[in-house]
A.B. asks: 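First the structure, then my questions, so here it is.
Order of the sequence lines fixes the chain letters, A, B, ..., with proteins taken first and strands second; residue numbering starts at 1 for each chain.
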Protein chains: 4
Amino acid sequence: MTDATTEITDATVSGAPPDDCPAAPKMRADARRNRARIIEAAREVFAKTGSLTQMDDVAAAAGVGVGTVYRHFPTKDQLMGELLLQKFEVILRLLREARELDGDPGERLLESLTRCAEEFQHDTATQQIMSGPQSAAVWDSAAPTVREVDAVSEELIAAGQKTGTLRADMTVMDIRLLMCGLASSMADPDLNPAWRRHMTLITDSLRPPARGV
Amino acid sequence: MTDATTEITDATVSGAPPDDCPAAPKMRADARRNRARIIEAAREVFAKTGSLTQMDDVAAAAGVGVGTVYRHFPTKDQLMGELLLQKFEVILRLLREARELDGDPGERLLESLTRCAEEFQHDTATQQIMSGPQSAAVWDSAAPTVREVDAVSEELIAAGQKTGTLRADMTVMDIRLLMCGLASSMADPDLNPAWRRHMTLITDSLRPPARGV
Amino acid sequence: MTDATTEITDATVSGAPPDDCPAAPKMRADARRNRARIIEAAREVFAKTGSLTQMDDVAAAAGVGVGTVYRHFPTKDQLMGELLLQKFEVILRLLREARELDGDPGERLLESLTRCAEEFQHDTATQQIMSGPQSAAVWDSAAPTVREVDAVSEELIAAGQKTGTLRADMTVMDIRLLMCGLASSMADPDLNPAWRRHMTLITDSLRPPARGV
Amino acid sequence: MTDATTEITDATVSGAPPDDCPAAPKMRADARRNRARIIEAAREVFAKTGSLTQMDDVAAAAGVGVGTVYRHFPTKDQLMGELLLQKFEVILRLLREARELDGDPGERLLESLTRCAEEFQHDTATQQIMSGPQSAAVWDSAAPTVREVDAVSEELIAAGQKTGTLRADMTVMDIRLLMCGLASSMADPDLNPAWRRHMTLITDSLRPPARGV
DNA sequence: CATGAATGAGATTTCATTCAT
DNA sequence: TATGAATGAAATCTCATTCAT
């Protein structure tokens, strides 16, 4: 990873709390610790139980009272949004890494899609949020990161199309469609075990088709 | 198509209420009318509100009391299951028709997948039920039809593989994965308009990939 | 049984529908048949399920529609009242028979209390009605018969006190208290098997106590 | 009575919440206050409306929301169970006191039965719960106390039989049968005023009958 | 600030009773 | 007249969110 990437990553990924939220840099030490514990606990319990997880469960898992959870995330949607944001920050990092690596950019993109999928693999909540009909508010805080993800993707797509690895008509929309679909099949216990097969089909559909575009 | 097949299709698709349900052939005229209204209303309101739709809303939309809804569908899951069942009956019919038509069976299959998708296109209810995380009971009544769908699909896949239209490693599981994914992206208002593009990608991914299986 | 008794029994017991009810002597043959079937079915299903039996169940057991049940018994309470009435008619008959028999009247009374209990033994509904807090309406139609039962009881008590078999301070109220209590313990699945023991205690408590009244 | 026994009695009777319930000693002051208010309100409203009392009514009577009632008693059965438990704790105390007193143990037992009855006298709720057909779960939390009551009763019975005060064939089951019966007649507004008479009959039936066992 | 008790608007489901067929 | 479909007022229980301690 280059320095440039690291800088961007740090600024965008790590701290990055929503402005209206007491996660500002000057947060008290214990508050920051609590916030971290809550997010960690939320990730685990949402991953297990999906979006029907209750706020009380998150609080219990974090070892704090519900009130504390609400102090940091005034809404269940905002808490889920934070989890989503963090996932997309990881995704963004993966794509940026792919962009910096040597080798065919198309292949790099396809490989990082698989890596992204691996991030979802055990995270029921993210699967459900990505696939399902959630309240729009969940996406609010992740939106800027999603836009960055799209930007990096576009670069990679363009480069991959030049080398002929990716189909000429491919756009970021394709990635959204397919990854949304993947998340959905992953969220289904029956289909989840076959997710790598699904990934293969997705990958193949993004290469130039045998019969031409 | 043979007469026998047609008969079976008709018999299975049109009436086809679950055995334990008051939709038996000899239902009273008004009851049958109400049942139809409830299903229609359910489809509409589920499309609007998603799976968090309430039974009261269905009843109100159908212009009947809740009790009436419950008389016809003793459980919310069973009502959702009925919506699913009806869609799958249509799908089954489409696939059977494809099987009987002349021309390359692989192409027939791919075309009928598109036709199936057209069935979902405006049916947010089914999209959400298919893509979302539902209690398993929702699938109960549709299960036999789903199995028949799989059976017909398998025939078409085998034939399509012989003529080289479909990839050699394709199975019905692929269809499930991809169609579940399609339903999911369709259910997202942002992605829905691009569903034909999603369908194209799906179709392409089921043909033999350029680089071989 | 003497003729006199038979006459009374016939008049009081068999026909005897409440005045506001279409069970009047001039009921149509099929209506009378239906009424009988309903009562019979109600007795069985109430005996099994107790007072939480539903009207639909009664109708189903009788092989008629709910509407028909309601034609004969405008209220669940009235249907239960009819069952109660019939039980008390049997009780009345038993007590009258006791009165006519030879031998010590006190012993006759105590024996018929046991016989009455045998009538309840398998009839959960009557047990519950007698012991539990039911809507007063249930007792309405049985009330006159209950009064007759009391009258006969009083005769037997007086006679039994003369021969010294029954305690001198005994009244019909004692019977009510004790039989209500018996019904209650019978209604409890744990206590029910011991009901004959309960009966023994009851019987003993109605004889002159060892230490005098 | 030894000091130890007294201590245990106190410990068991006063606080004594079920272990799985938020009534643990370290409950917040307001929570404990609310819990007490709920129990008190429940007793009143159950006394009035019987076991068809609704949780909403209890909540309203206690001046709290339904949610609060459910926080303390996750089930209606558990709430009723608590009422029962508290009564049986009083009963247990009465019997233990009887065991420690001087004088004939049989007489002590019979007297404490009357005292127990006095506890029910104005508590329609307990009367109905004891006499009526309740779901078995209602008895769950009181079960251990009931067993202790039985144990103490057995001691007293054995001692009372030795002195000839109690009938030779008496068992705890007799007490259950008779007290269940008493509760039932008490619950009936018509019979309630005569409950002391009922108690007399019960007492007499537990002494050796004149004609021998 | 943290806590977790309290809130109360629903959510699903039941069932005595009514009424169109 | 008989039928059984329709009714809808409860009843129990849940859970995101608030607020007193």
A.B. asks: With sequence neighbours left out, what residues match A/Asp77 under side-chain hydrogen bond (donor to acceptor under 3.5 Å, both in side chains)?
C.D. replies: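 Checked A/Asp77 against side-chain hydrogen bond (donor to acceptor under 3.5 Å, both in side chains); matches are A/Ser135.
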A.B. asks: Might you point out which heavy atoms bring B/Trp139 and B/Ile129 nearest each other, and give the distance in Å?
C.D. replies: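 Smallest heavy-atom distance, with atoms named: CZ2-O, 4.5 Å.
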A.B. asks: Take nucleotides 12-21 of chain E nucleotide by nucleotide from the 5' end and write B, S or -, depending on whether a protein heavy atom sits under 4.0 Å from the base, only from the sugar-phosphate, or from neither.
C.D. replies: BBBSSBB---
A.B. asks: Under a cut-off of 3.5 Å for both distances of each Watson-Crick or G-U pair, what dot-bracket string does DNA chain E give, using [ ] for crossing pairs and | for inter-strand pairs?
C.D. replies: .||||||||||||||||||||
A.B. asks: Would you tell me if any nitrogen or oxygen in the side chain of A/Arg71 comes within less than 4.0 Å of OP1 or OP2 on E/dA2?
C.D. replies: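 For E/dA2, OP1 or OP2 has a side-chain N or O of A/Arg71 closer than 4.0 Å.
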A.B. asks: Output the distance between atom CG (B/Leu85) and atom OG1 (B/Thr126), rounded to the nearest 0.5 Å.
C.D. replies: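 Here the interatomic distance stands at 10.5 Å.
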A.B. asks: Between A/Val64 and D/Val69, which has a closest nucleotide on DNA chain E that is more 5'?
C.D. replies: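 Nearest nucleotide further toward 5': that of A/Val64.
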A.B. asks: Identify, with sequence neighbours excluded, every residue that meets side-chain hydrogen bond (donor to acceptor under 3.5 Å, both in side chains) alongside D/Arg43.
C.D. replies: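 Testing D/Arg43 for side-chain hydrogen bond (donor to acceptor under 3.5 Å, both in side chains), a comparison that skips the adjacent residues, returns D/Gln86, D/Asp123.
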A.B. asks: Distance from B/Asn34 atom CG to B/His72 atom NE2, nearest 0.5 Å?
C.D. replies: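 Between atom CG of B/Asn34 and atom NE2 of B/His72 there are 5.5 Å.
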A.B. asks: Is the shortest heavy-atom distance from the side chain of D/Thr49 to the side chain of D/Asp57 under 4.5 Å?
C.D. replies: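 They are not in side-chain contact.
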A.B. asks: Is there a side-chain contact between B/Phe46 and B/Gln128 in this structure, where contact means two heavy atoms from C-beta onward sitting under 4.5 Å apart?
C.D. replies: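 No. Closest side-chain heavy atoms not under 4.5 Å.
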A.B. asks: Looking only at side-chain N and O atoms, does D/His72 come under 4.0 Å of OP1 or OP2 in E/dA6?
C.D. replies: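 Answer yes for this pair, as a side-chain N or O of D/His72 is under 4.0 Å from OP1 or OP2.
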A.B. asks: Take B/Met80 and B/Phe73 through the side-chain contact (heavy atoms from CB on, under 4.5 Å) test and state the conclusion after the steps.
C.D. replies: CA-CA 9 Å; B/Met80 296 174 73; B/Phe73 305 98; over 6 Å; no
A.B. asks: For F/dT7, take OP1 and OP2 only and decide whether either is under 4.0 Å from a side-chain N or O of B/Thr68.
C.D. replies: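 Yes, because at least one side-chain N or O of B/Thr68 sits under 4.0 Å from OP1 or OP2 of F/dT7.
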A.B. asks: Looking at CG of B/Leu84 and CD of B/Glu82, how far apart are the two atoms once the value is rounded to the nearest 0.5 Å?
C.D. replies: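 Between atom CG of B/Leu84 and atom CD of B/Glu82 there are 10.0 Å.
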A.B. asks: Listed by chain and number, what are the side-chain hydrogen bond (donor to acceptor under 3.5 Å, both in side chains) partners of D/Asp30, not counting sequence neighbours?
C.D. replies: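 D/Asp30 satisfies side-chain hydrogen bond (donor to acceptor under 3.5 Å, both in side chains) with D/Arg28 once adjacent residues are dropped.
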A.B. asks: Is there a side-chain polar atom (N or O) of C/Asn34 under 4.0 Å from OP1 or OP2 of F/dA2?
C.D. replies: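 Indeed, a polar side-chain atom of C/Asn34 lies that close.
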A.B. asks: Would you kindly give the CG-to-C1' distance between D/Leu79 and F/dC13, to the nearest whole Å?
C.D. replies: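 Rounded to the whole Å, the gap is 14 Å.
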A.B. asks: Between C1' on F/dT12 and CD on D/Gln78, what's the gap in Å once rounded to a whole number?
C.D. replies: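 Rounded to whole Å, this separation is 13 Å.
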A.B. asks: Could you state the CG-C1' distance from A/Asp57 to F/dT14, rounded to the nearest angstrom?
C.D. replies: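 Nearest whole value for this atom pair: 12 Å.
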A.B. asks: Starting at CZ of C/Arg71, measure out to CZ of C/Arg35 and round the result to the nearest 0.5 Å.
C.D. replies: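 Rounded to the nearest 0.5 Å, the CZ-CZ separation comes out at 13.0 Å.
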A.B. asks: Pull out every residue in residues 38-50 of chain C that has a heavy atom closer than 4.0 Å to any atom of DNA chain F, ordered by number, or say none.
C.D. replies: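 By residue number: none to list.
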